[in-house]
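Here the structure comes first, spelled out in structure tokens, and everything after it is commentary.
Counting starts at 1 for both ligands and their atoms, in listed order. Residues take their numbers from the sequence shown, with the count starting at 1. Everything numeric here is computed off the predicted structure, so don't read it as measured data.
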Amino acid sequence: MATDNQQNLISKNKEYASTFNQGHLALPPAKKYVVVTCMDARIDTARAFGIDLGDAHVIRNAGGNPDLRSILISQHLLGTREIILVKHTGCGMLTFTNADALKLVTQNAGAGILSSTFDFQPFADLEQAVKDNVAWLKEQSALVDRTNISGWVYEVETGKAKQIV
Ligand SMILES: [Zn+2]
């Protein structure tokens with residue numbers, strides 16, 4: 001029995017595939033860049049950031065924190081040479097501490113399931129977190145030399161993106 005979300009996927013995908021004509025796109029992103037951003041449901045990365053199909057990698061996770069594994073694959077195996085990191089206003093990661101999250105998981109899943117040092121990577125200051133992430137990326141010697149790295153904040157209230165660093 002399909003869930004409502006599975007049923008939605010089935011019907012919308014049928015519609016999508018009926019006019020799909022971009023099966024010829026190459027695996028490496030044509031514009032050689034990667035966008036790292038939050039998994040927040042309010043961010044339409046393709047439209048808000050102008051990313052056409054096949055142009056860029058988009059790495060999403062809670063907070064838009066840099067995921068070195070995916071970035072290294074993007075650069076060394078698939079040829080990207082620029083990183084655009086975008087955090088956003090109203091991010092859930094601004095609303096809790098590691099202790100809060102650990103307590104919640106412990107209540108729901110049971111004590112001892114997660115290590116007491118598990119890092120959910122929350123942050124308290126949005127623009128500072130963007131700067132910290134970009135600085136951290138610039139220290140990663142495994143990245144391709146002369147990678148262009150920039151940090152941005154996207155406003156979920158206005159749809160506007162502004163560069164921080
Ligand atoms: Zn977020």
Side-chain angles (χ1 to χ4, degrees), residues 3-6 8-9 12-13 16 29-78 80-110 113-140 142-144 147-165:
T3 65
D4 287 350
N5 295 321
Q6 290 170 352
N8 176 65
L9 187 156
K12 293 290 172 55
N13 176 256
Y16 180 75
K31 293 190 175 168
K32 301 185 187 304
Y33 73 110
V34 53
V35 173
V36 178
T37 195
C38 187
M39 66 187 188
D40 193 289
R42 297 166 294 181
I43 305 173
D44 182 345
T45 56
R47 291 174 65 214
F49 305 154
I51 305 169
D52 288 333
L53 201 64
D55 277 358
H57 281 144
V58 179
I59 301 169
R60 301 187 72 160
N61 59 51
N65 292 349
D67 164 15
L68 194 58
R69 182 187 71 90
S70 297
I71 292 170
L72 291 179
I73 289 168
S74 177
Q75 290 205 325
H76 294 279
L77 282 77
L78 293 163
T80 62
R81 293 294 179 264
E82 178 174 6
I83 302 168
I84 294 179
L85 182 135
V86 191
K87 291 188 183 293
H88 67 98
T89 56
C91 187
M93 302 297 279
L94 292 158
T95 66
F96 65 86
T97 64
N98 260 328
D100 295 335
L102 189 66
K103 189 176 167 201
L104 200 58
V105 173
T106 299
Q107 278 169 3
N108 294 336
I113 303 281
L114 272 190
S115 157
S116 60
T117 57
F118 189 90
D119 189 3
F120 290 90
Q121 300 179 18
F123 42 85
D125 180 321
L126 181 59
E127 292 197 6
Q128 188 58 47
V130 171
K131 290 175 189 168
D132 291 347
N133 285 172
V134 169
W136 184 85
L137 280 167
K138 286 182 173 174
E139 286 170 7
Q140 302 309 309
L143 295 186
V144 169
T147 297
N148 187 301
I149 305 172
S150 59
W152 302 67
V153 164
Y154 172 77
E155 296 178 350
V156 293
E157 301 84 2
T158 65
K160 292 179 183 171
K162 69 171 177 181
Q163 187 166 6
I164 304 301
V165 63

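Shortest non-hydrogen contact noted between A109 and I113 is O-CG1, 3.4 Å. The two atoms that bring E127 and D125 nearest to each other are N-OD1, 3.3 Å, heavy atoms only.
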Counting only pairs under 3.5 Å, give me each side-chain donor-acceptor contact of residues 83-95, with atom names and distances, residues two or more places apart or in other chains.
from, atom 1, to, atom 2, distance (Å)
K87, NZ, G63, O, 2.8
K87, NZ, N65, OD1, 2.5
K87, NZ, N133, OD1, 2.8
T89, OG1, V156, N, 3.0
T89, OG1, E157, OE1, 2.7
T89, OG1, E157, OE2, 3.3
T95, OG1, G92, O, 2.5

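Heavy atoms from other residues, nucleotides or ligands lying under 6.0 Å from CG of D4 number 12 at most.
In this structure the side chain of F120 reaches within 4.5 angstrom of the side chain of L114, judged on heavy atoms.
Within the 3.5 Å criterion, the main-chain N or O of S74 finds a donor-acceptor partner in the side chain of T80.
Excluding waters, the set of protein N, O or S atoms lying under 2.8 Å from the Zn ion (ligand 1) comprises C38 SG, H88 NE2, C91 SG.
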